[in-house]
Amino acid sequence: MKIAHENFFDTIRVEVDSSEIILEHAEKADCNLRPLGPRAVGISLDETTTPRDIELLMSVFRGTFVRDFADDDLGEPPIRIPQSAIRTSELLAYPVFNTHDTETEMLRYLKKLESRDLSLTTSMIPLGSCTMKLNATAEMFPISWPEISKLHPFAPTEQTAGYTEMCEQLENWLAEITGFHAISLQPNAGSQGEYAGLLAIREYHASRNEGQRNVCLIPTSAHGTNPASANMAGFRVVSVACLKDGDIDLADLRAKAEAHARDLAALMVTYPSTHGVFEPTIREICDIVHAHGGQVYMDGANMNAQVGLCRPGDYGADVCHLNLHKTFCIPHGGGGPGIGPIGVAKHLAPYLPREFILDPQSGRVLFGKGQHGKHPRNGSGSDYRYGGGKGGNISAAPYGSASILTITWMYIRMMGAKGLKRASEVAILNANYIAKRLDPYFPVLFKGKRGLVAHECIVDLRQWKSAGIEVEDVAKRLMDYGFHAPTVSWPVAGTMMIEPTESEPKHELNRFCDAMISIHAEMEAIAKGKMDRENNMLKKAPHTARQIASENWDHPYTREQAAFPATWTREHKFWPAVGRIDNVYGDRNLFCSCPSVEEFQNG
């Protein structure tokens with residue numbers, strides 16, 4: 001027995017005379033080791049590893065449970081990390097990491113952080129294009145089950161029957177919802193889904209001896225990740241103009257498609273559009289691209305307006321990513337978990353991210369349903385969801401962040417087909433209700449042919465610049481009313497994009513609209529000279545508890561007007577933790593707020 005590498009961290013390759021014998025001993029001891037060929041096995045250790053685990057491993061390699069070492073032998077092991085990689089600075093020296101010595105203190109610290117966060121527990125979060133909907137408690141339960149949370153991605157297949165069935169069911173459900181032939185759950189984010197989808201398109205063209213196709217058409221209204229993903233996938237981005245109503249300019253699309261016909265690889269399109277409307281020409285858009293040899297990539301950010309109503313695979317898209325952390329209820333925001341699986345038409349299925357399967361005998365990595373449509377795991381099925389894996393992997397695990405797939409599985413299972421359709425309908429209804437209520441005060445910038453929006457609307461605040469009022473001022477003032485601001489200045493500068501989702505009841509929609517209408521009255525007072533252009537409730541927002549309680553108050557409006565502008569703020573007040581922050585300056589001038597190591601040493 002010999003450790004293969006001088007330096008290692010948490011994974012060890014051990015060379016043995018016969019891995020088959022070692023694996024047999026491990027199986028009898030209810031221990032999983034990774035087969036790495038006929039003469040090697042892999043061991044993974046982490047912070048939960050105990051001396052008892054080490055004893056078990058020793059018995060596996062020795063073939064006996066006889067203990068032949070003392071507890072002291074399990075003391076400080078030699079460091080097997082290269083000197084160049086060993087930390088020389090202090091570890092977690094900032095006080096927050098070493099001042100909470102009891103569970104009670106930790107509980108209070110976490111509660112303090114929670115109180116500073118305006119979440120769905122406080123009010124609606126109307127971020128446009130982000131679909132901040134309710135994540136029901138029932139959907140979250142399975143994450144805590146050890147059968148899911150503690151399962152290693154490469155555990156033996158005979159131990160993962162339920163896990164595998166759940167993933168395959170979810171693939172089938174998402175395929176039905178989107179109208180696509182195949183689904184890969186591997187991408188760990190929407191942006192990674194974009195990348196994987198574009199790689200599938202690239203490999204498809206290469207397989208047809210058209211590897212020169214490297215032009216990706218992207219409308220000027222596209223999500224920012226679209227051109228970034230296209231560039232990473234090796235495509236050259238060519239922009240396509242949009243009309244004043246937000247729709248893609250078909251004349252410009254035709255001209256660009258014809259000009260790049262030989263090299264056209266794909267079009268990336270968002271539907272409903274980034275401007276919050278259902279483009280009636282979506283089929284024609286797809287036909288134009290297909291007629292010039294390209295593929296249609298659909299950004300699935302706005303699927304919350306489509307589920308149960310229309311399917312990308314039916315109206316012409318060839319590939320689409322799905323933000324499970326948006327439409328399908330996995331928690332979103334704050335750097336939380338994201339999953340961006342992709343669906344593809346049949347001709348792109350062989351180029352999906354491939355599925356890993358380890359051969360227990362050879363240790364070789366096999367892949368999902370291969371050349372003959374047979375699944376190595378169970379040998380069944382003539383219809384593949386994973387092809388030969390020619391597109392390559394974009395994640396280190398077969399199903400990406402598989403443990404949180406349980407949330408989406410629960411959501412779809414509990415909602416059912418009728419419930420999913422109803423959710424889309426209510427999301428669209430809620431957006432149109434807000435659009436109708438706010439339009440007389442803040443004109444809705446883009447509407448469909450019948451004066452309706454999709455699941456979100458964009459309201460225009462640019463006309464207030466002449467009064468010195470910026471869209472940011474309204475966003476900050478909303479905090480005083482107890483609301484998270486909508487998406488600001490995207491896709492159009494000086495506007496707000498509002499998406500209420502289906503989670504919000506009518507009275508909450510009214511509360512938000514009432515807040516916006518009340519702010520409109522404050523804006524009019526400034527525009528008419530009744531309030532100072534600089535020292536007013538919008539320019540000084542948000543107002544913190546410390547500011548309201550201060551003996552110094554040099555504003556021409558009252559503390560009550562500042563902090564309690566609506567009746568509901570008297571009943572339950574959310575206090576912003578800090579006052580006005582210069583967001584642009586912070587974005588352009590990054591700095592670390594942590595004290596230096598020298599300060600700790602001297603203090």
Do [Y] and [X] meet the salt-bridge criterion of a basic N to acidic O distance under 4.0 Å?
| X | Y | answer |
| --- | --- | --- |
| Asp249 | Lys256 | no |
| Asp287 | Arg283 | no |
| Asp480 | Lys540 | no |

Sequence neighbours excluded, which residues qualify as side chain to side chain donor-acceptor pair (under 3.5 Å) partners of [X]?
| X | result |
| --- | --- |
| Asn214 | none |
| Glu522 | Arg477, Tyr481 |
| His275 | none |
| Asp439 | Lys447 |

Do [X] and [Y] have side-chain atoms, one donor and one acceptor, less than 3.5 Å apart?
| X | Y | value |
| --- | --- | --- |
| Gln295 | His347 | yes |
| Glu456 | Asn304 | no |
| Asn535 | Tyr557 | no |

*Quick one: does Glu139's side chain get under 4.5 Å of Cys329's, heavy atoms only?*
yes

*Indicate yes or no: at least one non-hydrogen side-chain atom of Phe442 is less than 4.5 angstrom from one of Met523.*
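Counting from C-beta outward, Phe442 and Met523 do come under 4.5 Å.
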
_Side-chain donor/acceptor of Lys539 to backbone N/O of Arg533, under 3.5 Å_ = no

*Can any side-chain N or O of Thr569 pair as donor or acceptor with the backbone N or O of Ala566 at less than 3.5 Å?*
yes

Rounded to the nearest 0.5 Å, what separates atom [atom1] in [X] from atom [atom2] in [Y]?
| X | Y | atom1 | atom2 | result |
| --- | --- | --- | --- | --- |
| Ile183 | Leu170 | CD1 | CG | 8.5 Å |
| Ser123 | Leu478 | OG | CG | 9.5 Å |
| Asp460 | Phe446 | CG | CZ | 8.5 Å |

_Classify the ring geometry of Trp173 against Trp409: parallel below 30°, tilted from 30° to 60°, perpendicular beyond 60°._
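If you compare the ring of Trp173 with that of Trp409, the planes turn out tilted.
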
*Does Asp247 have any salt bridge (Lys or Arg N to Asp or Glu O under 4.0 Å) partners at least two apart in sequence or in another chain, and if so, which?*
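Asp247: no salt bridge (Lys or Arg N to Asp or Glu O under 4.0 Å) contacts found.
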
_More than 12 heavy atoms of other residues, nucleotides or ligands under 6.0 Å from CZ of Arg422: yes or no?_
no

_I'd like to know whether NZ of Lys573 has more than 12 heavy-atom contacts from other residues, nucleotides or ligands below 6.0 angstrom._
yes

_Show every side-chain hydrogen bond (donor to acceptor under 3.5 Å, both in side chains) that has at least one partner inside residues 227-241, sequence neighbours left out._
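The answer is Glu194-Ser229.
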
*With Val296 as reference, evaluate Ile285, Val319, Ile282, Val269 under the side chain to side chain contact (heavy atoms under 4.5 Å, CB included) test and give the passing residue.*
Val269

